[in-house]
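A short write-up of the structure that comes next.
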Number of protein chains: 2
Amino acid sequence: MFDLLRNYIERFTSLPDEDWQLLLPHLLRKDLTKGACFSREGKICKEIGFVVSGNMRHYYTKDGEERTTYFYFENSMVTDYISCILGKPGSLTIEAMSDTSLIVFPYAILKSLYNQSHAWERFGRLLSEYLAAGLEERMTGLLMLNAEERYAQLLNSNRQKIIERIPQHLIANYLGITPVSLSRIRKRISKK
Amino acid sequence: MFDLLRNYIERFTSLPDEDWQLLLPHLLRKDLTKGACFSREGKICKEIGFVVSGNMRHYYTKDGEERTTYFYFENSMVTDYISCILGKPGSLTIEAMSDTSLIVFPYAILKSLYNQSHAWERFGRLLSEYLAAGLEERMTGLLMLNAEERYAQLLNSNRQKIIERIPQHLIANYLGITPVSLSRIRKRISKK
DNA sequence: CCGATCCGTTAACAAATGATAAGAAAATGA
DNA sequence: TCATTTTCTTATCATTTGTTAACGGATCGG
């Protein structure tokens with residue numbers, strides 16, 4: 001099963017077996033039941049996860065309300081990256097939306113791999129670049145497009161999984177609008 | 001003068017002289033007059049810049065209008081990172097807002113340094129992480145805060161340079177609102 | 001010095017979005 | 001199965017934001 005993670009990593013950069021063996025002993029399987037948390041607001045996130053099956057969301061809290069801003073599906077990494085990088089308590093909570101299987105390993109291990117191996121350092125760079133590119137695209141959407149255009153953008157992106165598998169009020173959060181507003185947008189679009 | 005760049009890099013990770021010497025021969029000084037462009041929409045960005053003096057902005061074009069979403073001040077890196085990373089034509093234009101002095105070098109050189117040296121690869125990782133953390137914070141602000149809160153956030157951040165040195169209609173762009181709306185927000189705040 | 005341009009404010013109106021509540025359909029769980 | 005919860009829609013009203021236009025001050029170049 002751990003090969004799923006290896007394949008994911010090799011999509012960024014080829015990883016000699018020697019390097020892979022440095023990580024392998026630290027991998028664990030972790031199963032979360034629906035509603036369980038991987039990382040919590042106020043706690044320092046010390047683990048990296050890889051979603052084998054299931055899906056998760058992360059949310060911030062404002063005025064006591066959860067505001068979901070990201071979703072994780074199978075075959076992707078999950079962590080509070082900011083908390084890991086800065087080593088500070090996170091401001092978001094990551095929660096399983098369904099029963100979810102993860103492969104996990106300590107962020108401290110990844111950091112030590114950065115020191116031990118150029119290949120792992122490269123993976124870290126490419127992962128961060130990939131992350132930054134995604135954030136940039138999404139932020140530009142928020143700055144340049146209105147709510148309806150953002151929903152259309154999501155429809156035409158490679159993130160359809162979100163439309164298909166996520167409840168609408170959470171998609172509204174993700175788009176930065178209210179569920180009521182998203183419902184209106186959908187109605188407007190369906191009339192065209 | 002090139003030491004300014006070296007100091008900047010060393011704030012991320014210590015760089016042995018040997019590694020610095022790999023980059024040094026490729027550094028050039030470049031002066032832009034007010035209004036000149038460092039990178040243009042539709043062109044592949046092939047250079048990394050470091051702002052020695054002056055300031056710049058980058059903007060996207062929507063319906064023929066410029067939408068400024070970022071500012072660069074002295075002592076910071078400037079480039080169309082997405083265009084560099086993906087090797088694709090950029091969708092933004094980077095322009096000098098005043099006469100600006102840069103240190104520049106080809107992105108291709110940085111890429112080769114990634115191959116030649118673990119220390120440079122590390123710098124690349126840390127720079128990307130720093131970039132991602134900044135994008136994440138700003139995106140969260142866009143999703144969680146209304147326009148007035150975003151302006152207050154900017155006021156209380158370590159980005160006051162923007163308030164002090166940037167025309168208000170461009171700050172409005174940066175916040176994702178219209179200049180008229182920002183003017184109203186400022187009026188509301190001043191009444192308190 | 002003068003004209004042109006840029007910049008910020010204000011007003012009036014239109015459009016979009018938020019807040020709240022009600023109701024119905026669908027999913028969930030005992 | 002039945003009650004409960006979740007999810008989505010719709011309506012109403014308030015608020016915010018966008019749009020357009022006008023005005024005056026500031027800045028800039030000749």
Side-chain angles (χ1 to χ4, degrees), chain A residues 33-36 54-55 57 59-60 62-69 71 95-100 141-155 161-192, chain B residues 33-36 54-55 57 59-60 62-69 71 95-99 141-155 162-192:
Chain A
T33 56
K34 180 176 175 177
N55 63 327
R57 67 183 176 115
Y59 61 86
Y60 294 84
K62 188 187 183 189
D63 306 329
E65 282 191 356
E66 297 174 3
R67 300 280 279 268
T68 298
T69 62
F71 305 101
E95 183 189 289
M97 296 179 69
S98 58
D99 291 354
T100 298
L142 287 167
L143 284 172
M144 305 281 296
L145 307 177
N146 62 33
E148 182 168 339
E149 291 168 327
R150 291 204 297 281
Y151 182 69
Q153 184 194 44
L154 181 60
L155 276 175
K161 274 185 192 169
I162 293 176
I163 306 271
E164 293 159 13
R165 292 168 51 179
I166 303 294
Q168 209 163 296
H169 66 282
L170 296 182
I171 297 177
N173 277 192
Y174 179 85
L175 293 171
I177 56 180
T178 61
V180 177
S181 188
L182 178 55
S183 183
R184 284 191 284 234
I185 286 168
R186 285 164 53 86
K187 190 177 180 185
R188 275 206 300 272
I189 288 179
S190 71
K191 282 185 179 172
K192 295 177 184 173
Chain B
T33 56
K34 179 176 175 177
N55 63 329
R57 68 185 175 112
Y59 61 86
Y60 295 83
K62 188 187 182 190
D63 304 329
E65 282 191 356
E66 296 174 4
R67 300 280 278 267
T68 297
T69 62
F71 306 102
E95 181 190 291
M97 297 178 68
S98 59
D99 291 354
L142 287 167
L143 284 172
M144 304 281 295
L145 308 177
N146 62 33
E148 182 166 340
E149 291 168 326
R150 290 203 298 279
Y151 182 69
Q153 184 193 44
L154 181 61
L155 277 174
I162 292 176
I163 307 272
E164 293 160 13
R165 292 169 51 179
I166 303 294
Q168 207 163 299
H169 66 283
L170 296 182
I171 297 177
N173 277 192
Y174 179 84
L175 293 171
I177 58 180
T178 61
V180 177
S181 189
L182 178 54
S183 184
R184 284 190 284 236
I185 286 169
R186 283 165 54 85
K187 189 178 180 182
R188 277 206 300 272
I189 289 179
S190 70
K191 281 184 179 170
K192 292 176 183 171

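Please read these numbers as outputs of a predicted model, since none were measured by experiment.
In this model, the phosphate group of D:dC8 is approached by a side-chain N or O of A:His169 to a distance below 4.0 Å at OP1 or OP2. In terms of phosphate contacts, B:Thr178 brings no side-chain nitrogen or oxygen within less than 4.0 Å of OP1 or OP2 of D:dT17. Residue B:Gln168 places no side-chain N or O under 4.0 Å from the OP1 or OP2 atom of C:dC6. For B:Arg188, a side-chain nitrogen or oxygen approaches OP1 or OP2 of D:dT17 to under 4.0 Å.
Side-chain atoms of B:Arg184 stay outside donor-acceptor range of the base of C:dG8, with no qualifying N/O pair under 3.5 Å.
When the C1' atom of C:dT20 is taken as reference, atom CD of A:Glu65 falls 12 Å away, rounded to whole Å. Following rounding to the nearest Å, A:Lys62 (NZ) and C:dA19 (C1') show an atom-to-atom distance of 14 Å. Following rounding to the nearest Å, A:Arg150 (CZ) and C:dA16 (P) show an atom-to-atom distance of 14 Å. Computed from coordinates, the A:Leu175 CG to D:dC8 P distance equals 13 Å when rounded to whole Å. Note: CD (A:Glu148) to P (C:dT17) measures 8 Å, nearest angstrom. With rounding to whole Å, A:Ile177 atom CD1 is found 13 Å from D:dC8 atom P. For A:Met97 and C:dA27, the CE to C1' distance is 14 Å, given to the nearest whole Å. Atom pair B:Ile189:CD1 and C:dT9:P shows a separation of 12 Å (rounding to whole Å applied).
Comparing A:Pro167 and A:Val180 along DNA chain D, the residue whose closest nucleotide (by nearest heavy atom) sits nearer the 5' end is A:Pro167. Where A:Lys34 and B:Leu170 meet DNA chain C, the nucleotide closest to each residue was compared, and B:Leu170 sits on the side nearer the 5' end. Mapped onto DNA chain D by nearest heavy atom, B:Gly176 and A:Ile166 fall at different nucleotides, with A:Ile166 at the one closer to the 5' end.
B:Ser183 comes within 4.0 angstrom of a nucleotide base, judged by non-hydrogen atoms across all strands. Within 4.0 Å (heavy atoms only), B:Arg186 reaches sugar-phosphate atoms of the nucleic acid but no base atom. Using a 4.0 Å heavy-atom criterion, one finds that B:Leu182 contacts no nucleic acid atom at all.
The environment of CD in B:Glu65 is sparse: at most 12 heavy-atom neighbours from other residues, nucleotides or ligands sit within 6.0 Å.
Remark: of the listed residues B:Thr68, B:Leu175, B:Leu142, B:Leu142 is the sole one forming a side chain to side chain contact (heavy atoms under 4.5 Å, CB included) with A:Leu143.
Classification of A:Glu66 and A:Arg57 as a salt-bridged pair holds, one side-chain N sitting under 4.0 Å from a carboxylate O.
Side chain to side chain, B:Asn55 and B:Ser98 meet the donor-acceptor criterion of an N or O pair below 3.5 Å. Counting only N and O atoms by type, the side chains of B:Tyr151 and B:Arg186 include a donor and acceptor under 3.5 Å apart.
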